[in-house]
Participant: 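Next up is a structure, given as structure tokens.
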Protein chains: 2
Amino acid sequence: MARMTPPERRAAIVAAALEVMLHKGIAATTVRDVADRMGTSSGLVHHYFASMDDLLAAAFEQAATADLAVTTAAVEAQTGPVERLRAFFATYARAEQDWAFQLWLDAWAEAARRPTLRETSQRLNVKWQQVLAQCIRDGVAAGAFVCPDPDGAAWRILSLLDGLALQSVAHRVPIDRAAVITWSAGFAEAELALPAGALAGPAGPASVTAAAAAAATPAAGRAAPRRPG
Amino acid sequence: MARMTPPERRAAIVAAALEVMLHKGIAATTVRDVADRMGTSSGLVHHYFASMDDLLAAAFEQAATADLAVTTAAVEAQTGPVERLRAFFATYARAEQDWAFQLWLDAWAEAARRPTLRETSQRLNVKWQQVLAQCIRDGVAAGAFVCPDPDGAAWRILSLLDGLALQSVAHRVPIDRAAVITWSAGFAEAELALPAGALAGPAGPASVTAAAAAAATPAAGRAAPRRPG
DNA sequence: GCACCTGTTGCGCAGGTGTCCAACAGCGAT
DNA sequence: ATCGCTGTTGGACACCTGCGCAACAGGTGC
């Protein structure tokens with residue numbers, strides 16, 4: 001194969017590993033799979049990564065960091081505290097994330113047995129919580145809402161979002177994402193002492209707003225996603 | 001090895017498979033592991049299970065069904081609708097479930113690639129939802145609470161519980177389970193138009209009640225679990 | 001022209017995998 | 001005593017795994 005500079009080759013290997021991991025699963029990804037996808041030899045992979053675990057961890061870390069960066073950027077693009085929260089929910093539930101969440105799910109399950117992966121997964125989880133907690137702290141400082149425990153609230157809200165994503169991906173439950181957003185926002189409002197519906201206003205993508213309005217139900221004054229019962 | 005009647009042997013294989021799955025992970029469980037644990041030959045396993053997938057699915061199904069039975073029994077031991085809901089939350093968050101939830105996590109991740117496992121996991125998930133939904137429906141019929149969409153509410157509450165368990169198991173976040181119960185109950189109260197604190201009353205185990213009271217915070221009138229920020 | 005460096009190759013090794021199968025052991029029926 | 005049935009054995013089969021290593025290639029400095 002064509003010669004590459006070390007950083008390029010390293011990035012290429014990580015990219016190839018990521019593609020394989022996504023549709024074969026982390027546990028089932030092999031060195032030869034990665035090499036074949038690049039059209040190179042398996043030895044080359046080991047020239048850049050001491051062990052298979054290192055490669056898997058590096059690939060997952062890159063994907064996870066990229067996910068976080070997208071959300072962070074979307075949040076920071078907004079100025080008001082409420083708008084920032086809306087942006088957080090919208091990117092977390094964005095449609096393209098189904099395949100990405102399967103990767104997270106794999107990583108969480110695998111984390112119990114792979115220390116490197118666990119360390120990465122824990123670290124990223126904390127970072128995600130910090131982004132949300134900072135949103136909340138800023139809002140509290142600006143007087144937009146009240147929250148006695150921003151870290152705890154961020155943790156609880158994230159748990160809820162992950163639980164919903166779990167249902168969607170693991171159980172293949174079709175979900176109205178706009179409804180998820182507004183429903184989760186309802187919980188967040190309770191956490192932040194916001195009036196009901198305060199977070200359900202106009203969000204980033206126009207479709208989100210429209211669908212949210214359509215999904216609105218009289219019960220508890222907030223929209224609720226359904227699973228086909 | 002000693003001769004067994006077919007049902008006995010089948011049960012023994014499933015039990016052995018379960019033990020291996022629990023501390024090696026579903027993906028890493030091999031036929032020889034299972035045979036070794038029983039002290040028999042690998043060929044015997046294949047005499048009872050056509051393929052490895054069949055064995056894994058059968059073992060997971062047994063464990064999952066047992067989990068569900070425990071919760072169902074705890075719920076049906078109570079008579080009042082509110083007491084039944086309390087029992088549901090208490091058994092879902094019971095302490096011994098950490099290792100069990102790791103098995104669920106494995107199954108969910110593996111479900112994407114193993115059709116038999118996915119089918120089982122989906123079916124059990126629906127059953128769990130039905131138990132909770134029936135609790136809600138009974139309560140509505142008895143006039144204990146109001147809920148326009150019992151199936152949807154059950155699904156949302158379960159998503160939340162799974163999300164919290166995910167944080168606890170995958171990220172190794174130590175959780176005050178009693179606080180989780182009361183906090184989740186807070187969400188449930190909103191879903192069911194119950195007054196705040198209605199579900200936080202005396203539950204099955206005495207320790208739960210005591211801890212819940214101790215964890216109660218003035219904010220929003222309900223206890224909230226924290227993660228170490 | 002040469003030596004050197006480094007990305008790259010292709011294969012070998014030792015081990016582990018699911019699956020299959022011929023042979024064996026114990027027991028009930030004949 | 002013999003036959004047949006069935007639970008059980010232990011190993012063969014083909015394949016795949018991560019990893020290591022000797023050899024190669026193509027460019028750079030001398």
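Because only heavy atoms are used, hydrogens play no part in the values below, and waters and symmetry mates are left out as well, while side chains stay in.
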Participant: Taking the side chain of A:Ser51 as its heavy atoms from C-beta onward, which of D:dC19, C:dG7, D:dT8 lies nearest to it?
Facilitator: D:dC19
Participant: Can you measure B:Leu44 atom CG to D:dT9 atom P for me and round it to whole angstrom units?
Facilitator: 6 Å
Participant: Starting at CZ of B:Arg10 and ending at C1' of D:dT6, how long is that distance when rounded to a whole Å?
Facilitator: 17 Å
Participant: Rounding to an integer number of Å, can you tell me how far B:Met4 CE sits from C:dG26 P?
Facilitator: 16 Å
Participant: How does protein contact run along nucleotides 20-28 of chain D, one letter per nucleotide 5' to 3', with B for base contact, S for sugar-phosphate only, - for none, heavy atoms under 4.0 Å?
Facilitator: ---------
Participant: State whether the distance check finds a donor on one side and an acceptor on the other, under 3.5 Å, for side chain B:Arg32 versus base C:dG16.
Facilitator: no
Participant: Return the value, rounded to whole Å, for the distance between atom CZ of B:Phe49 and atom P of C:dG18.
Facilitator: 15 Å
Participant: Taking the side chain as C-beta and beyond, is there a heavy-atom pair between B:Val14 and B:Glu61 under 4.5 Å?
Facilitator: no
Participant: Is A:Tyr92 close to A:Val70 at the side-chain level, that is, under 4.5 Å between some pair of heavy atoms?
Facilitator: no
Participant: With the side chain counted from C-beta on, respond yes when B:Asp67 and B:Trp104 share a heavy-atom pair under 4.5 Å apart, and no when they do not.
Facilitator: yes
Participant: Heavy-atom distance under 4.5 Å between the side chains of B:Trp128 and B:Asp162, does that happen here?
Facilitator: no
Participant: Output the rounded distance in Å from NE2 (A:His47) to P (C:dC11).
Facilitator: 19 Å
Participant: Can you tell me how far C1' of C:dC20 sits from CE of B:Met52, to the nearest Å?
Facilitator: 16 Å
Participant: Do the side-chain N and O atoms of A:Asn125 and A:Gln129 include a donor-acceptor pair separated by under 3.5 angstrom?
Facilitator: no
Participant: Is there a side-chain contact between B:Leu161 and B:Phe88, using heavy atoms and a 4.5 Å cut-off?
Facilitator: yes
Participant: Going from CG on A:Leu55 to CZ on A:Arg10, what distance comes out if it is rounded to the nearest 0.5 angstrom?
Facilitator: 9.0 Å
Participant: Which nucleotide, C:dT8, D:dG10, D:dT17, lies nearest any side-chain atom of B:Ser41?
Facilitator: D:dG10
Participant: Would you say A:Thr30 places a side-chain N or O within less than 4.0 Å of OP1 or OP2 belonging to D:dT17?
Facilitator: yes
Participant: Specify the separation, in whole Å, of atom OH of A:Tyr48 and atom P of C:dT6.
Facilitator: 12 Å
Participant: CE of A:Met38 versus P of C:dT8: gap in Å, rounded?
Facilitator: 9 Å
